[in-house]
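The structure appears right after this line, and notes come after that.
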Amino acid sequence: MIRVLLADDQGLVRAGFRMILRAESDIEVVGEAGDGAEAVTRARETSPDVVLMDIRMPGVDGVEATRRIAVTGGPRVLVLTTFDLDEYVYEALRAGASGFLLKDVPEEQLVAAIRVVAAGGSLFAPTVTRRLIEEFARRVRAPERPSELDELTPREVEVLGLVARGLSNAEIAAQLVVSEHTTKTHVASVLSKLGLRNRVQAVVLAYETGLVKPGA
């Protein structure tokens with residue numbers, strides 16, 4: 001059973017998501033929150049697998065709430081937004097969100113996304129998430145190359161670059177002519193060495209440090 005926490009300042013929105021998820025036999029809504037601070041508290045109390053997090057809420061917004069949850073190694077966060085090219089969403093991805101969805105996403109895509117994130121995956125659709133990252137990475141590029149990058153082997157740097165270009169593990173394995181298991185091992189090692197929570201954070205870092213150029 002996938003445990004989900006709903007965080008949105010609009011009760012009607014939470015009710016709509018609750019109705020959709022209630023119809024799924026493998027998903028359980030274990031709590032709700034009306035702002036970011038409450039979301040952090042409820043996440044600690046209910047131990048969900050996934051938090052559906054509205055990005056814009058009064059007081060503590062979805063970005064800061066995501067950051068607080070990620071720092072504690074808490075549940076995975078799936079950000080909800082009205083606009084795809086949103087700097088708040090970009091900051092949430094930097095903070096450790098596993099991906100984002102538009103609030104008007106079809107029901108089946110919402111449910112599928114929750115299952116992907118709960119299973120440890122990240123939502124990195126090259127046509128949407130990559131465009132968002134390319135748009136805002138130019139503005140906040142890190143001034144220096146993080147020392148953690150020097151800990152990566154040449155092959156791991158190569159893998160990071162391919163992840164940043166939106167390739168799946170299977171596609172990376174085919175390009176490098178290695179097994180998919182070997183690719184997964186490389187990706188896991190990259191995330192561990194860089195202290196990252198998921199693939200999306202790895203993509204953000206790759207763009208911000210100039211390892212991958214926008215439009216590459």
Side-chain angles (χ1 to χ4, degrees), residues 1-57 61-63 65-84 86 89 92-93 95-129 132 163 166 168-171 180-181 183-184 187-188 191 196-201 203:
M1 186 68 71
I2 301 172
R3 298 166 58 82
V4 176
L5 172 66
L6 305 177
D8 195 295
D9 62 324
Q10 297 184 46
L12 286 177
V13 172
R14 297 198 306 271
F17 285 131
R18 186 170 60 249
M19 287 182 60
I20 293 171
L21 300 181
R22 186 173 291 168
E24 304 301 321
S25 61
D26 61 335
I27 297 177
E28 175 186 10
V29 176
V30 296
E32 298 183 23
D35 59 47
E38 186 180 7
V40 175
T41 299
R42 296 291 287 154
R44 184 170 57 249
E45 293 172 346
T46 62
S47 299
D49 300 300
V50 178
V51 179
L52 281 183
M53 182 80 75
D54 183 20
I55 200 68
R56 296 176 183 270
M57 293 184 285
D61 62 21
V63 175
T66 298
R67 185 175 292 112
R68 294 181 187 180
I69 289 173
V71 165
T72 62
R76 295 180 177 273
V77 177
L78 191 52
V79 171
L80 299 168
T81 182
T82 304
F83 306 103
D84 54 2
D86 188 334
V89 176
L93 296 179
S98 294
F100 75 93
L101 293 172
L102 297 179
K103 282 192 173 184
D104 60 357
V105 66
E107 295 180 12
E108 62 273 15
Q109 290 185 26
L110 170 68
V111 173
I114 289 173
R115 290 179 177 137
V116 167
V117 170
S122 298
L123 297 183
F124 180 59
T127 57
V128 180
T129 309
L132 173 82
V163 167
S168 66
N169 284 346
E171 291 168 335
E180 191 168 347
H181 174 75
T183 299
K184 290 180 179 178
V187 172
L191 297 181
L196 302 176
R197 189 171 159 88
N198 53 47
R199 293 171 77 101
V200 177
Q201 278 191 314
V203 175

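Computed from heavy atoms alone, side chains included, the values below leave out hydrogens, waters and symmetry copies.
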Phe17 side chain near Leu110 side chain, heavy-atom distance below 4.5 Å:
yes
* Asked: If we only count heavy atoms from C-beta on, is the Val111 to Leu21 side-chain gap below 4.5 Å?
  -> yes
For Leu101 and Ala113 the tightest heavy-atom approach is CD1-CB, 3.7 Å
Tightest non-hydrogen contact, residues Ala95 and Thr66, listed as CB-CG2, 4.2 Å
* To do: State whether the side chain of Asn198 and the backbone N or O of Gly96 hold a donor-acceptor pair below 3.5 Å, judged by distance alone.
  => yes
Before giving the answer on side chain to side chain contact (heavy atoms under 4.5 Å, CB included), spell out for Asp9 and Asp35 the whole-Å C-alpha distance, their side-chain angles and the decisive distance to 0.1 Å.
CA-CA 6 Å; Asp9 62 324; Asp35 59 47; 5.8 Å; no
Exercise. Sub-3.5 Å donor-acceptor pair from the side chain of Gln109 to the main-chain atoms of Val105, do we have one?
Worked result: no
What one should report as the nearest heavy-atom pair of Arg197 and Val77 is NH2-N, 4.4 Å
- prompt: Do the charged groups of Asp54 and Lys103 touch, with an N to O distance under 4.0 Å?
  reply: yes
*asked:* Between Ile27 and Ile2, is there a side-chain heavy-atom distance shorter than 4.5 Å?
replied: yes
What's the verdict on side chain to side chain contact (heavy atoms under 4.5 Å, CB included) for Ile55 and Phe100, showing C-alpha distance, side-chain angles and the deciding distance?
CA-CA 9 Å; Ile55 200 68; Phe100 75 93; over 6 Å; no
Query - Over 12 non-hydrogen atoms of neighbours within 6.0 angstrom of CE in Met1 - result: yes
| Between Asn169 and Arg199, is any pair of side-chain heavy atoms under 4.5 Å apart? | yes
Ala39 and Leu5 have their tightest heavy-atom pair at O-CD2, 3.6 Å
For Gly36 and Met57, the nearest pair of non-hydrogen atoms, with its separation, is N-CE, 3.6 Å
Open item on the list: Does Ile69 form a side chain to side chain contact (heavy atoms under 4.5 Å, CB included) with Val40? I'd like the steps, not just the answer.
Closed with: CA-CA 6 Å; Ile69 289 173; Val40 175; 4.2 Å; yes
Neighbour count >12 (heavy atoms, 6.0 Å) for atom CD, Glu107: no
Original post:
How about Leu102 and Thr82: do any of their side-chain heavy atoms sit closer than 4.5 Å?
Top reply: no
Closest heavy-atom pair, Ser98 versus Val117, reported as atoms and distance to 0.1 Å, is CB-CG1, 3.9 Å
